[in-house]
Amino acid sequence: MQVTLPDGSARELPDGATGADLAASIGPGLARAALAIRIVDEARPHDASAYDEGRILDLAAPLPDGARVEIVTPSDEDLDALKLIRHDTAHVLAEAVLELYPGTKVSIGPPIDDGFYYDFEFPDGVSLSDADFERIEAKMREHVKADEPFVREEVPVGEAIERYREQGQDYKVELIEDLISNQGIDSVTFYTNGDFVDLCRGPHTPSTKRIKAFKLLSVAGAYWRGDASRTMLTRVYGTAFHDKADLEAHLERLEEARARDHRKLGRELGLFTWSPVSPGATFWLPKGTQLFNQLVALNRSMQVERGYVEVKTPLLYESELWKTSGHWGKYRENIFVSEYEGREFGLKPMNCPGHAHLFGLERWSYRDLPYRCAEPGLLHRREPSGTLHGLMRVRHFIQDDAHIFCTEDQVADEVGQCLDFAFDIYRMFDFPVHVEFSTRPENRFGSDELWDKMEGMLEQALETSGLDYTVNEGDGAFYAPKIDLHMTDSLGRSWQIGTVQLDYILPERFELTYTGADNAEHRPVMIHRALFGSFERFIGILLEHYAGELPLWLAPVQATVLPLADRHADYAYEVRDALKAAGLRAAVDDRTESVGRKIRDAELAKTPYMLVVGDREREAGAVALRRHREGDEGTLPIAEAIERLAAEVAARGRPLLGGPDAEVAA
RNA sequence: GCCGACAUAGCUCAGCUGGUAGAGCACUUCACUCGUAAUGAAGGGGUCCCCGGUUCGAGUCCGGGUGUCGGCUCCA
């Protein structure tokens, strides 16, 4: 038999040769280092994950004759290599847990981005502490050191179920039964390491000794099979790397990520705070309000340029409106409801029904369309307590919501414009946004034909836009398929920012019409879109993205003037007034403190510019300019300093809210 | 909502096995008037999250609640 290696060379091997044989035939060092074999798929780019596509083979598996193969070796660049040892580590974790906590039921333990987890059902009364983590890790290290091979065996399903029944491993029994009914298989594979045998598709490395560095990180609850109606298991998270230095580096990155957590930054920078009197709602401090208002202002000006009009609709509606829209049936539990004079009202959790209703209150001609109707609407959603998360998931927030009522002919163009608009925004912030296409959910209104059509139109728009996107089957809204725009936070959690939704259903339910050129009544199409998403979440993402070091054009205080001594205060205020007159947001630190102290405080506040003024500057009508992080940048006349700051602001975007608001920040 | 952890001064945190609270920063006052990341001294400040229980005695132990954190489910 023969296989082809990545360099294009062919290699002859005896029939039935394995990956281990191949590695050994190349060299003993490689044989020791090899983790597995990758079948190269020439159609796939190098960075695609073969692990998830089943193209990784155990070293002990026979090589397919004529295949193009690659030997997977320890490398941080190689996601497959990391997944292999992380999956190995998950098995070793389960092995150690079963030893230390007899009677534990095991379920599943896959590798994930950055690590792995394993879900257990511990015997009653067991809850894991840090000390337990250390005990488990110590036990795991013993097994790693023992160089236990991962041995694969194929077992008929009947025997497999029997084995697990005897051990009381109900979750495994259920998994196998589902494999039988869903895939019609008659045998499963087991992997054994030490005394631990796990139902597992594989692949694995040859032995536990390949695990060079690992750490258990956290415990969490997780529903069995992701189903909230079923048992909650205990999930243990951990990670593994090819060497200790990489593990250390990873842990350090996690630490750094925590330092840029927007909740921490918000408090440190004096932007916002929270109180138990209103869980899930933000108290915006003056500086945070300044930032918030700037984004709203940016949104308004960009919308005006793109032909939107702004409306204001009520916060509170009789339940009738939600019944018409269909939200009452789907989301009643998540609406804040109150009763008054025998009528039931709900606080709006979204603007669409209000906007649809507003559209229906007027008469429309095809000449009026597209009608792009925007509202930075204040929304309230009764989110379950456990889901709240800083600014990212709140109960009270403002969305840059807009609804475009248009004819079917206009849809393609309008959706395209929405996407352009969205990326015009994200570019201003250097956001790496990823695009998801969410298709029809199980619970939905409208016929399959209609959904075929709506999905087809959005897909077409995506293709036209040339954007890369992933498909999220079944993740659409009950009334519309969606294009969702996501960003990740400092810890890699993905959050939806923008959304563009194509909706034929609400116009139908609200019986919206316009008069066409043929003088007949027609049904408009409704495009729902939010591009910042909620301003709250956008600011959370923004802070983490910039680690709190906002670009000059966004910084709540752009410059602080630092008088050296009290006698320079008057001049400092003169300088500040000149900055304000130029539309910059400036403050004076007139405390009786050393200049070193004022600089330190301004640096910690991440103020972009510090203008130090003393006798020399006052004589010359100048300022000594200091840039945050960069240090002293020399002395220059006031006018030049202003010019420089103004140019930096202009280069980044548009000057938005001007100077007067900076006062609050001082 | 579910599982787990946590909750002490404005912030960050100490407080051993129960004996009625402490530091640094911040704040106030006074002195210092300062040249690029902390001037010094003095002072004020706490229903130890809330409710109940055990106990001679609870910040500390137990139960319930609330909030926060990490996940899970959900996210129009």
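The chains referred to below are lettered A, B, ... by the order of the sequence lines, with proteins before strands, and numbering in each begins at 1. Keep in mind that the numbers below use all heavy atoms, side chains included, and drop hydrogens, waters and symmetry copies.
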Problem - Between B/U36 (P) and A/Arg626 (CZ): distance, integer Å - result: 10 Å
Problem - Spacing of the C1' atoms in B/A76 and B/C6 (rounded, Å) - result: 33 Å
Problem - A/Tyr426 and A/Phe431 aromatic ring geometry - parallel, tilted or perpendicular at 30°/60° bounds - result: parallel
Problem - Under 3.5 Å donor-acceptor, A/Arg523 side chain and A/Leu512 backbone - result: yes
Exercise for the section: Classify the side chain of A/Arg567 versus the base of B/U33 as yes if they form a donor-acceptor pair under 3.5 Å and no if they do not. Expected result: no
Problem - Gap in Å between the two P atoms, one belonging to B/G53 and one to B/G59, rounded - result: 15 Å
Exercise for the section: Check whether any side-chain N or O of A/Arg627 sits under 3.5 Å from a backbone N or O of A/Pro608 as a donor-acceptor pair, and report yes or no. Expected result: yes
Problem - For atom CG of A/Leu285 and atom P of B/G10, their distance in whole Å - result: 16 Å
Completion exercise
Rounded to whole Å, CD of A/Glu593 lies from C1' of B/A31 at a distance of 13 Å
Exercise for the section: Could you give the distance separating B/U60 and B/C51 at their P atoms, to the nearest angstrom? Expected result: 12 Å
Exercise for the section: Classify the ring geometry between A/Trp495 and A/His389 as parallel (under 30°), tilted (30 to 60°) or perpendicular (over 60°). Expected result: tilted
Problem - Contact nearer the 5' end of RNA chain B, comparing A/Ala624 with A/Arg267 - result: A/Arg267
Exercise for the section: Give the rounded distance in Å between these two atoms: CG of A/Leu604 and P of B/A26. Expected result: 10 Å
Exercise for the section: Determine the interatomic distance between P on B/A23 and the same-named atom on B/A14; round to the nearest Å. Expected result: 16 Å
Problem - A/Tyr171 and A/Glu121: side chain donor to acceptor below 3.5 Å - result: yes
Problem - Selection from B/U33, B/U39, B/A37 that lies nearest to any side-chain heavy atom of A/Glu603 - result: B/A37
Problem - Donor-acceptor side-chain pairing of A/Asp589 and A/Thr560 below 3.5 angstrom - result: no
Practice task
Rounded to whole angstrom, note down the C1' distance from B/G45 over to B/C32.
Solution key: 26 Å
Problem - B/U39 to B/U47 separation - P atoms, rounded to the nearest Å - result: 32 Å
Exercise for the section: Looking at every strand, decide which applies to A/Glu121 at a 4.0 Å heavy-atom threshold: base, sugar-phosphate, or nothing. Expected result: nothing
Practice task
Using the six-membered ring wherever Trp is involved, compare the ring planes of A/Trp274 and A/Phe272 and label them parallel, tilted or perpendicular (cut-offs 30° and 60°).
Solution key: perpendicular
Problem - B/G24 to B/G43 separation - P atoms, rounded to the nearest Å - result: 12 Å
Exercise for the section: May I have the distance from A/Arg600 (atom CZ) to B/A26 (atom C1'), rounded to whole angstrom? Expected result: 12 Å
Exercise for the section: Rounded to the nearest angstrom, tell me the gap between atom CG in A/Leu564 and atom C1' in B/C34. Expected result: 7 Å
Exercise for the section: Using the P atom on both, measure B/G67 against B/C62 and round to a whole Å. Expected result: 22 Å
Problem - Letter per nucleotide, 5' to 3', of nucleotides 42-48 of chain B [B base touched, S only sugar-phosphate touched, - untouched; heavy atoms, 4.0 Å] - result: -------
Practice task
Specify the separation, in whole Å, of atom CG of A/Asp589 and atom P of B/U33.
Solution key: 18 Å
Practice task
Determine the stems involving RNA chain B; a stem requires 3 or more consecutive pairs of the Watson-Crick or G-U wobble kind, each with both distances below 3.5 Å, and the answer is none if no such run exists.
Solution key: B:1-7 with B:66-72, B:10-13 with B:22-25, B:27-31 with B:39-43, B:49-53 with B:61-65
Practice task
Show your reasoning for whether ring-ring contact (aromatic ring centres under 6.0 Å, His included) applies to A/Phe120 and A/Tyr118.
Solution key: CA-CA 6 Å; A/Phe120 302 102; A/Tyr118 210 110; 4.9 Å; yes
Exercise for the section: Give one of base, sugar-phosphate or nothing for A/Val595, where a contact means two heavy atoms less than 4.0 Å apart. Expected result: sugar-phosphate
Exercise for the section: Look at the side chain of A/Arg382 and the backbone N and O of A/Asn334, then say whether any donor-acceptor pair between them is shorter than 3.5 Å. Expected result: no
Completion exercise
Taking for A/Ala565 and for A/Arg597 the nucleotide of RNA chain B with the nearest heavy atom, the one nearer the 5' end belongs to A/Arg597
Practice task
Describe, in one word, how the ring planes of A/Tyr331 and A/Phe478 are oriented to each other, choosing from parallel (under 30°), tilted (30 to 60°) and perpendicular (over 60°).
Solution key: tilted
Practice task
May I ask you to say whether A/Glu544 pairs ionically with A/Arg493, meaning some side-chain N is under 4.0 Å from a carboxylate O?
Solution key: no
Fill in the blank from the handout: Per-nt protein contacts along nucleotides 63-76 of chain B (heavy atom under 4.0 Å; B base, S backbone sugar-phosphate only, - none) come out as ----SSSBBBBBBB
Practice task
Using only heavy-atom distances, determine whether the side chains of A/Glu375 and A/Thr313 contain a donor-acceptor pair under 3.5 Å.
Solution key: yes
Problem - Sidechain N-carboxylate O distance under 4.0 Å for A/Asp489, A/Arg260 - result: no
Handout entry: Short side-chain N/O contact from A/Thr234 to OP1 or OP2 of B/C3, under 4.0 Å
Key = no
Handout entry: Spacing between A/Leu233 atom CG and B/G4 atom P, to the nearest angstrom
Key = 12 Å
